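Notes follow once the structure below has been shown.
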Protein chains: 2
Amino acid sequence: MENYKDRIISFYKKHRRMPGYKEIMNLTGFKSKNAVFKLINHLVDAGIVSKDSQGKIIPSRSLDEIPMLGLVEAGFPSSVEEEMTDTISIDNYLIENKESTYMLEVKGESMIDAGIHEGDLVIVERNRNPKVGDIVIAEVDGGWTMKYFRKDGDKVYLEPANKKFKNIYPEHELNIAAVVKGVVRKY
Amino acid sequence: MENYKDRIISFYKKHRRMPGYKEIMNLTGFKSKNAVFKLINHLVDAGIVSKDSQGKIIPSRSLDEIPMLGLVEAGFPSSVEEEMTDTISIDNYLIENKESTYMLEVKGESMIDAGIHEGDLVIVERNRNPKVGDIVIAEVDGGWTMKYFRKDGDKVYLEPANKKFKNIYPEHELNIAAVVKGVVRKY
DNA sequence: GTTGCAGGTGAACCAGAGTTCACCTATACT
DNA sequence: AGTATAGGTGAACTCTGGTTCACCTGCAAC
């Protein structure tokens, strides 16, 4: 019954577009387009998929986005519908300029007091002038590192977020390759 | 010239499907479908979009996913092409069961030693039995909190990641609402 | 029962998707 | 000059997409 839904979603994930009527007939076993037409209308009512102004089938937001609830302290709402303030795609939340955005896996513990641990992924953006206080990916005196970007007067330096490490005052060259825009950790 | 690309990408983001030939004619100002046909083939060669087996236009992976480079310590590759090990969608990376996944904004500092700060978003999954050591969203004695899930013998308790807070030994009830699967932070 | 109705088939319809062919430029190259 | 060549128009074609209509079930409600 609602098995059809899963097959359509699978098709979307596999092919990166919604199936057409003929393809849904194959997915479901229906022999008439009208059966598909009615099925789609039910799915639209159920909020599973949507149609745009030309009637074309498009994925509903709930296929890509996940519900954003309130604060942790407020707890988990007993009825999710009640407190659902928003729905969000993590990609859209974190990424502004896809062209210049990359990810790097974190090695080492030099930023641990900033909540960036080994194994985390950082989302970085190239071609940005770093502001003081930004976390940057920098090449300094031949080595690469991730640190806070600081200024003392007009002298720039790099500060780790770990008392065991020392500030880095570049002697020869300081090449800021990218600015850290976000952090992602998976358990 | 390559302005057409951006208009097509904008259309995709706005309508959540790729435009058809007629729509691309409106986007670009072309007056013949063949001009679109040639444009699309160029974009396919350039890796901007793809066609599937039926010739239908689908977004290429690079529209949703971002390149995954190496480790931070290894630095930023001079040529991105060289070291691009993979490309990944953050949504797919973090979310396993979309049906039961939600996001919560973090308040308070009780998990700061685990690298979870106030203002971070946690990705949580409902309906999972927590394993010892998992970070959980729990209702204990009337209040909601996020803590490590621990066991001492067969007695369960909650442990914060902040020395300023004390372990919580539930007296009346301990209701695990969700297990934390990931953390996202945006700067 | 028989009445209603959700849910299926089958056929018709038009607009659009994707492709191909012939042809028409401008521009660059020797 | 002439001649490739990239990039556009215009028209033809087939197949599918989305919609609508008429009709045929089986099953539940009264």
Side-chain angles (χ1 to χ4, degrees), chain A residues 1-65 81 87 89 98-99, chain B residues 1-65 81 87 89 98-99:
Chain A
M1 184 179 309
E2 302 307 329
N3 197 352
Y4 299 149
K5 174 188 103 180
D6 295 332
R7 298 190 200 170
I8 292 177
I9 293 175
S10 298
F11 187 101
Y12 173 64
K13 288 187 179 170
K14 189 171 179 185
H15 295 82
R16 306 176 64 70
R17 64 174 173 83
M18 294 304 267
Y21 278 53
K22 192 135 205 180
E23 288 157 335
I24 296 178
M25 285 168 67
N26 285 334
L27 291 175
T28 56
F30 287 148
K31 292 179 183 171
S32 79
K33 285 212 265 182
N34 189 20
V36 176
F37 183 66
K38 291 175 182 174
L39 169 66
I40 294 294
N41 285 336
H42 292 334
L43 294 181
V44 169
D45 290 342
I48 312 292
V49 301
S50 304
K51 291 194 193 184
D52 66 8
S53 50
Q54 286 129 71
K56 293 194 181 291
I57 305 167
I58 58 176
S60 94
R61 301 219 159 268
S62 65
L63 280 190
D64 279 326
E65 307 191 342
E81 310 294 331
T87 151
S89 149
K98 203 180 318 268
E99 307 285 329
Chain B
M1 182 165 334
E2 303 306 331
N3 198 352
Y4 300 149
K5 174 188 101 178
D6 295 331
R7 298 189 198 170
I8 292 177
I9 292 176
S10 299
F11 187 101
Y12 172 64
K13 287 188 179 170
K14 189 172 180 186
H15 296 81
R16 305 177 64 68
R17 64 173 173 83
M18 292 305 266
Y21 277 54
K22 192 138 206 179
E23 287 157 335
I24 296 178
M25 285 167 68
N26 285 333
L27 291 175
T28 56
F30 287 149
K31 291 177 182 172
S32 79
K33 284 215 259 183
N34 191 19
V36 177
F37 183 68
K38 289 177 181 172
L39 170 65
I40 294 295
N41 284 336
H42 290 336
L43 293 181
V44 168
D45 290 343
I48 313 292
V49 302
S50 304
K51 292 193 192 184
D52 67 8
S53 49
Q54 285 127 73
K56 294 194 179 292
I57 305 167
I58 57 176
S60 94
R61 301 220 156 266
S62 64
L63 279 192
D64 280 327
E65 307 191 342
E81 310 292 332
T87 151
S89 151
K98 201 179 321 266
E99 307 284 328

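Predicted, not measured: the structure shown is a model, and the values here were computed from it. Every chain is numbered from 1 and lettered A, B, ... according to where its sequence line falls, protein lines coming before strand lines.
In this structure, B:Ile57 places its CD1 atom 12 Å from C1' of C:dT19, rounding to the nearest Å. The interatomic distance linking A:Tyr4 (OH) with C:dG7 (P) rounds to 11 Å, in whole Å. As a whole-Å value, the separation of A:Asp45 CG from C:dA6 C1' is 14 Å. Distance B:Asp52 CG to D:dC15 P: 18 Å, rounded to the nearest Å. The CG-P distance, from B:Leu43 to D:dG7, rounds to 12 Å in whole Å. Note: NE2 (A:His15) to P (D:dT16) measures 15 Å, nearest angstrom. Rounded to a whole Å, the NZ atom of A:Lys22 is 8 Å from the C1' atom of D:dC15.
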Between the protein and nucleotides 19-24 of chain D, list every N/O to N/O distance that falls short of 3.5 Å.
unit_1 : atom_1 : unit_2  : atom_2 : d
D:dT19 : OP2    : A:Tyr21 : OH     : 3.4
D:dT19 : OP2    : A:Lys51 : NZ     : 2.6
D:dC21 : N4     : A:Asn34 : ND2    : 2.8

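By the 4.5 Å heavy-atom criterion applied to side chains, A:Ile57 and A:Tyr21 are counted as neighbours. Within the 4.5 Å cutoff, side-chain heavy atoms of B:Phe11 are placed close to those of B:Glu23.
Nearest heavy-atom pair, B:Lys51 versus B:Val44, reported as atom, atom and distance to 0.1 Å: CG-CG2, 4.1 Å. Considering every non-hydrogen atom in both A:Val49 and A:Ile40, the closest pair reads CG2-O, 4.4 Å.
Going from atom NZ of A:Lys5 over to atom CD1 of A:Ile48 covers 4.5 Å, rounded to the nearest 0.5 Å. The line from NZ of B:Lys14 to CG of A:Asp52 is 11.5 Å long, rounded to the nearest 0.5 Å.
Partners of B:Ser60 by side chain to side chain donor-acceptor pair (under 3.5 Å), not counting sequence neighbours, listed by chain and number: B:Ser62. Contacts of A:Gln54 classified as side chain to side chain donor-acceptor pair (under 3.5 Å), with partners at least two apart in sequence or in another chain: B:Arg17.
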Starting from the C-alpha separation in whole Å, work towards a yes-or-no answer on side chain to side chain contact (heavy atoms under 4.5 Å, CB included) for A:Met18 and A:Ile8.
CA-CA 7 Å; A:Met18 294 304 267; A:Ile8 292 177; 4.0 Å; yes

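One finds a salt bridge joining A:Asp64 and B:Arg16 here, because a Lys/Arg side-chain nitrogen approaches an Asp/Glu carboxylate oxygen to under 4.0 Å.
For DNA chain D, the neighbouring residues in residues 25-32 of chain B, judged by any heavy atom under 4.0 Å, are B:Phe30, B:Lys31, B:Ser32.
Between C:dG7 and A:His42, a contact under 4.0 Å exists linking OP1 or OP2 to a side-chain N or O.
Comparing the start and finish of the helix from C:dG1-D:dC30 to C:dT30-D:dA1, five pairs each, the helix axis swings through 20°, to the nearest 10 degrees.
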Below 3.5 Å, can you tabulate the donor-acceptor pairs from side chains in residues 25-35 of chain B to any protein atom, sequence neighbours excluded?
unit_1  : atom_1 : unit_2  : atom_2 : d
B:Thr28 : OG1    : B:Ile24 : O      : 2.7
B:Thr28 : OG1    : B:Phe30 : N      : 3.3
B:Ser32 : OG     : B:Ala35 : N      : 3.2

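When heavy atoms are screened at a 4.0 angstrom cut-off, B:Ile40 is found touching no nucleic acid atom at all.
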